[in-house]
Amino acid sequence: MLVTGGAGYIGSTAVAILLDAGFHVSVLDDLSTGHADSVDSRARLIEGSLLDKDAIRRAIAGCDSVLHFAGKSLVGESVEMPALYMQVNVEGSTNLLDVMKEVGVNQIVFSSSAATYGEPREAILTEESETQPTNPYGESKLKVDQLLSERAVKDGIAALSLRYFNVAGAFKGSRGWLTERHNPETHLIPNVLKASDSHPVTVFGIDWPTADGTCIRDYIHVIDLIDAHIKALKILKNGTHEIINLGSGEGYSVRQVIDTASDVMGRKVPTRDAQRRAGDPAVLVASIEKAQSLLNWKPTKNLSEMISDVYSSTR
Ligand code: UDP
């Protein structure tokens, strides 16, 4: 199995869980945001970029399927650097699919995103909801979803896009904790847990059209997310491209996340109210009916467990 982006937060967690489940794993990662020491030593690590087809060829040798996590993934950064997002995410994925065709690998599970939907026009997003991304990150993920649909028809590949909502939590494997290690860290939960009186966590917008004025997101534990990938591998079908939302099906506001973290840590999280962040939609909550029925999967961990695992991983 080839895992692209296997040195990142989600990818490295997948690698560890796959190895424990008995898979042979090859990792392709350019280490631009990932960390070599996050990659379980039982995996083969090829340091290289999706923009380099030779690196992809080296990494895919001996593999029969691909979990494609690699990519740029920050909404704010994508607004600043849209071309980079198109290059790495779209051109990189095109290269990967080209090499897969060349070497006869036809199974792929892709990390897509709820950002493909943009500002929701309904409370709960289903896979049928209109896609109208509000930022270049979401646009790039949508383009790859469209590319997979085309290649399924044209080349007969078996493809599945998992549209992640907000992935959180940490995984404690046989070799210690795997957790988010971004620099700078932009994600809410790690920032909430790091907040101090001198560096309070910033709340991006308190005037959103939600009950408490802060953005609502659907958080899913990384362990539940990877479990869904393993189940996804089993339902791949040649010539088809499925799209499946992955979240917990429940929305929490930024304030609710902060309050839950205060409960987990037993101290009040210092906060600072600020302007809205560019590119953010107000509410993103998944319908997970399709994931439940097609994958025979359900989330098992709640927000408090996600926060508490991240908290444990940092101590
Ligand atoms: N957010 C925040 N302060 C932070 C980081 C994030 O208020 O330090 C908000 C952000 O505006 C969004 C939500 O928390 O509404 C989740 O953001 P995150 O960056 O974790 O994930 P995203 O939804 O962008 O993928």
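When a ligand or atom number is given, it counts from 1 through the structure's own listing order.
Under the side-chain contact (heavy atoms from CB on, under 4.5 Å) rule, I157 has a single partner from N238, V66, L148, which is L148.
Using a cutoff of 4.0 Å between basic side-chain nitrogens and carboxylate oxygens, D259 and R255 are not scored as salt-bridged. Between D54 and R57, at least one side-chain N (NZ, or NE/NH1/NH2) sits under 4.0 Å from a carboxylate O, which counts as a salt bridge. Residues R121 and E130 are paired through a salt bridge, judged by an N-O separation under 4.0 Å between the basic side chain and the carboxylate.
Apart from W208 itself, the hydrophobic cluster it occupies contains nothing, where clustering links Ile, Leu, Val, Met, Phe, Trp and Tyr at side-chain heavy-atom distances under 4.5 Å.
Of the possible donor and acceptor atoms, none in the side chain of S113 sits under 3.5 Å from a partner among the backbone N and O of T116.
Within 4.0 Å of ligand 1, contacts by protein heavy atoms are made from N166, T186, H187, L188, N191, V201, T202, V203, F204, C215, R217, Y219, V254, R277, D280.
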